[in-house]
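Basis for what follows: all heavy atoms, side chains included, without hydrogens, waters or symmetry-related copies. Just so you know, ligand 1 is whichever comes first in the structure, and atom 1 is the first atom listed for that ligand.
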Amino acid sequence: MTQVDQPTEFDAKAADSGANATRVFQSKENAAGAQISQERVDEVATAAIKAIHEVIRDKQVTYEEYDALKAWMIQVGVDGEWPLFLDVWMEHVVEEVANAEREGSKGTIEGPYYVPDAPELPADCTLEMREDEAGTPLLFQGQVRALDGTPLAGAIVDIWHADDAGFYSQFAPGLPDWLFRARVTADDEGRYFINTMQPAPYQIPTDGSCGKLIAAAGWHAWRPAHIHLKVSAPDHQLITTQLYFEGGEYVETDIADAVKPELMLAPTPRADGSGNEVTYDFVLDPA
Ligand code: DHB
Ligand code: FE
């Protein structure tokens, strides 16, 4: 018997993540219903198709390669991996365009693993975790302010991240639904004190179509360890972002190209020996 047909626990979990991301996206209100004008569809679709024509000419793409692409695109849908594909290879440019004019904190991609309506927690809190949760404890603290420095009382810090094995709750099976997911309400000074565990780097599922593309191209399949956030306050623009760990693996070579120098954390050991702590403040643009 070969090992090939025996998925490891990791593979089995990873395989489910793509399909679950499709299911969650389809359940979102505006998934397929956005009203985009005929004029705009014509403008963008024509430009996109032309751009691909240019690649075909420039690279002299063959029928063999064209058929390989067709087969691969069909399989991306079968695997439920369109959200993964788009969020890894396209979203960072959409985000760049969307947030070009912002003066406050930098944003970056949302990725496919956000779930709305996470449990609400007070400013000083501990995210849901399992008994004997693996990893390095992290106190993630900071303040939400307006551009002029005014603290934003009652700001919401919606946080989600992977566990110490790189898995996201509600996407990889076997994890508690709200593991490392919460909507934290900042205190009267816009401050938050969130106790959690440092996440591990995340690997794009290797057994699906995105993994096959990565292997066929000889790329690596990793994103650096990161914490996802949506930070909001009344009368201010919500920012969707991620924070990374200075010196962490894959920070320089993120497959999703979503790392920015402004988004780095450098945790230090806590005085009482209980893991690390780090401070990161957010500045929100006016609505
Ligand atoms: C993907 C996963 C992430 O955790 C992320 O932040 C961005 C993209 C993905 O698998 O597409
Ligand atoms: Fe992520």
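Using cut-offs of 30° and 60° for the angle between ring planes, the H226 and H228 rings count as perpendicular. Using cut-offs of 30° and 60° on the angle between ring planes, the pair W72 and F85 is perpendicular.
For the pairing with W160, the ring pair (Phe, Tyr, Trp, His ring centres under 6.0 Å) check across F180, Y114, W178 returns one residue only, Y114. Only one option out of V278, N276, D163 pairs with Q198 in a side chain to side chain contact (heavy atoms under 4.5 Å, CB included); it is N276.
Counting backbone and side-chain atoms alike, Y168 contributes an N/O/S atom closer than 2.8 Å to the Fe ion (ligand 2). Note on H161: not counted as a metal contact of the Fe ion (ligand 2), no N/O/S atom lying under 2.8 Å.
By the ring pair (Phe, Tyr, Trp, His ring centres under 6.0 Å) test, Y202 pairs with Y113, Y168, sequence neighbours left out.
Judged by distance alone, with hydrogens and angles left aside, the side-chain atoms of T108 form a donor-acceptor pair with the main-chain N or O of A258 at under 3.5 Å.
Placement of I204 and W219 within a single hydrophobic cluster is found when ILVMFWY residues are connected by side-chain heavy-atom separations under 4.5 Å, directly or transitively.
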Are any protein N/O atoms closer than 3.5 Å to the N/O atoms of ligand 1? If there are, list each pair with names and the distance to one decimal place.
| from | atom 1 | to | atom 2 | distance (Å) |
| --- | --- | --- | --- | --- |
| ligand 1 | 4 (O) | Y168 | OH | 2.9 |
| ligand 1 | 4 (O) | H226 | NE2 | 3.4 |
| ligand 1 | 6 (O) | R223 | NH1 | 2.6 |
| ligand 1 | 6 (O) | H226 | NE2 | 3.1 |
| ligand 1 | 6 (O) | H228 | NE2 | 3.0 |
| ligand 1 | 6 (O) | Q242 | NE2 | 3.4 |
| ligand 1 | 10 (O) | Y202 | OH | 2.7 |
| ligand 1 | 11 (O) | L84 | O | 3.1 |

